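Remarks on the structure that follows.
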Amino acid sequence: MSESARFPRPLQRTRLYEQVAEQITAWISENDLKSGDRLPPERQLATSLGVSRATLSQALVALEVIGVVAVRHGDGTVLTDKPRVERITDAIRAHAERIPDVIEARDALETKLAALAAQRRTQEDLDHIEAALKAMDDDIAGGGRGVHGDELFHRAVTQAAHSPLLEQMMSEISELIRETRIESLSQPDRPKTSLAGHQKIADAIAASDAERAAAAMHGHVMLVSDVALLRDE
């Protein structure tokens, strides 16, 4: 064999939840489902596909983060009006490959924003932060994941920093953050843990303790960054 010859790259192992995601999208296509149509209940889908509820849930979350479906509390899993991607597995893996970069950007930006918020916050800013905490708490208490409340909290902290350029930078990666937010808050017990992290950040900001606020935000971002799509099955 010549020195210039190269062996082909090893094939990537397809994870079970990726196979399930492919099966679900194939079923959607075969049944000509449209935007707003609801998928069968998770228990029924899991039985039909012969997989555990945990694996099915992971597949649905993967489909949600790439925009194929939306999980609505009290309304089940519905199809979105976004264009269907051709290769589901490729889209899921592309999302997973982006996660470390998103985490790195979040940590750099949000840790600084939390410190600035502790130094610059007004009473109105604190009221918005408190309202976001309550919104997330109420949603979780009602059986939801707290996605909207989580988004409100981080937006309130960003606004409390009163840094227009940093706020613009956060806005530019907001959609990528939303993908990771959905994935993170779908982990078992993660919503309550995330809410507790928010409370620590809020307390430090209210106390005008910039160092504690930055440390709390850093710890929070690192915690919520532990997501199933980055782990081996």
Side-chain angles (χ1 to χ4, degrees), residues 61 64-67 70 82 91 94-140 144-187 190-230:
V61 169
E64 186 177 13
V65 297
I66 63 173
K82 294 184 178 179
H95 162 75
E97 288 170 3
R98 285 195 301 268
I99 292 177
D101 287 338
V102 177
I103 292 167
E104 188 174 71
R106 281 196 71 177
D107 187 34
L109 291 172
E110 296 203 72
T111 297
K112 181 62 177 179
L113 285 164
L116 291 175
Q119 296 169 340
R120 301 173 179 177
R121 92 293 186 280
T122 64
Q123 184 56 50
E124 183 179 7
D125 292 326
L126 293 179
D127 291 343
H128 288 155
I129 289 172
E130 198 60 37
L133 289 172
K134 186 178 186 308
M136 188 173 183
D137 189 24
D138 289 347
D139 187 19
I140 294 170
R145 295 175 295 179
V147 173
H148 182 58
D150 184 279
E151 188 174 5
L152 289 176
F153 175 80
H154 286 277
R155 187 186 305 160
V157 171
T158 296
Q159 292 173 344
H162 296 280
S163 174
L165 186 53
L166 286 179
E167 185 172 355
Q168 181 182 342
M169 293 170 72
M170 283 296 294
S171 177
E172 289 175 358
I173 63 170
S174 62
E175 191 59 35
L176 294 174
I177 290 176
R178 179 170 174 75
E179 290 180 4
T180 61
R181 174 175 289 120
I182 291 170
E183 222 283 310
S184 177
L185 291 174
S186 298
Q187 307 298 298
R190 180 61 58 75
K192 289 183 178 179
T193 304
S194 182
L195 180 60
H198 287 178
Q199 189 63 63
K200 289 180 180 179
I201 298 164
D203 290 345
I205 291 173
S208 299
D209 190 331
E211 185 175 348
R212 182 156 61 98
M217 181 63 84
H218 170 71
H220 174 66
V221 172
M222 292 299 100
L223 175 70
V224 301
S225 299
D226 177 18
V227 294
L229 291 184
L230 294 183

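Every value quoted in this text rests on a predicted model; they were computed, and no experiment measured them. Numbering of residues begins at 1 and proceeds along the displayed sequence.
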**Report entry** Thr180 side chain near Arg106 side chain, heavy-atom distance below 4.5 Å
**Finding:**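 They are in side-chain contact.
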Q. Is Glu64 salt-bridged to Arg145, going by a charged N under 4.0 Å from an acidic O?
A.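 Counted as a salt bridge, because a side-chain N and a carboxylate O are separated by less than 4.0 Å.
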Enter the distance from [X]:[atom1] to [Y]:[atom2] here, rounded to the nearest 0.5 Å.
X: Glu179; Y: Ile66; atom1: CD; atom2: CD1; result: 9.0 Å
X: Ile140; Y: Asp150; atom1: CD1; atom2: CG; result: 8.5 Å
X: Ile177; Y: Leu109; atom1: CD1; atom2: CG; result: 7.5 Å
X: Arg121; Y: Ile129; atom1: CZ; atom2: CD1; result: 8.5 Å

Partners meeting side-chain hydrogen bond (donor to acceptor under 3.5 Å, both in side chains) with [X] (sequence neighbours left out):
X: His148; value: none
X: Gln123; value: Asp127
X: Asp107; value: Thr111, His218
X: Gln199; value: Asp203

Given side chain to side chain contact (heavy atoms under 4.5 Å, CB included), test Val147 with Arg178 step by step and report yes or no.
CA-CA 9 Å; Val147 173; Arg178 179 170 174 75; 3.7 Å; yes
For [X], check side chain to side chain contact (heavy atoms under 4.5 Å, CB included) against everything at least two apart and list the hits.
X: Gln119; value: Leu116, Ala210
X: Glu124; value: Thr122, His128
X: Ala215; value: none

Check [X] against [Y] and note the closest heavy-atom contact, atom names and distance.
X: Asp139; Y: Gly146; value: OD2-N, 2.9 Å
X: Ala214; Y: Ala115; value: CB-CB, 4.1 Å
X: Ala114; Y: Met217; value: CB-CB, 3.8 Å

Which residues share a salt bridge (Lys or Arg N to Asp or Glu O under 4.0 Å) with Lys134, sequence neighbours left out: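 Salt bridge (Lys or Arg N to Asp or Glu O under 4.0 Å) check on Lys134 returns Asp138.
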| Residues forming a salt bridge (Lys or Arg N to Asp or Glu O under 4.0 Å) with Arg120, sequence neighbours excluded |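 Arg120: no salt bridge (Lys or Arg N to Asp or Glu O under 4.0 Å) contacts found.
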Just list the side-chain donor-acceptor pairs under 3.5 Å for residues 152-167, sequence neighbours left out, or say none.
residue	atom	partner	partner atom	Å
His154	ND1	Glu110	OE1	2.7
His154	NE2	His198	NE2	3.2
His154	NE2	His220	NE2	3.4
Thr158	OG1	His154	O	2.9
His162	NE2	Asp125	OD2	2.7

Sidechain-backbone polar pair: Ser174 side chain, Ser171 backbone, donor-acceptor under 3.5 Å: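 Checked: pair present.
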For residues 166-186, pull every pair meeting ring pair (Phe, Tyr, Trp, His ring centres under 6.0 Å), keeping only residues two or more places apart or in separate chains.
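Ring pair (Phe, Tyr, Trp, His ring centres under 6.0 Å) check on residues 166-186 returns no pairs.
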query: So does Arg98 have more than 12 non-hydrogen atoms from other groups sitting under 6.0 Å from CZ?
result: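 Yes, because the 6.0 Å sphere around CZ of Arg98 holds more than 12 heavy atoms from other groups.
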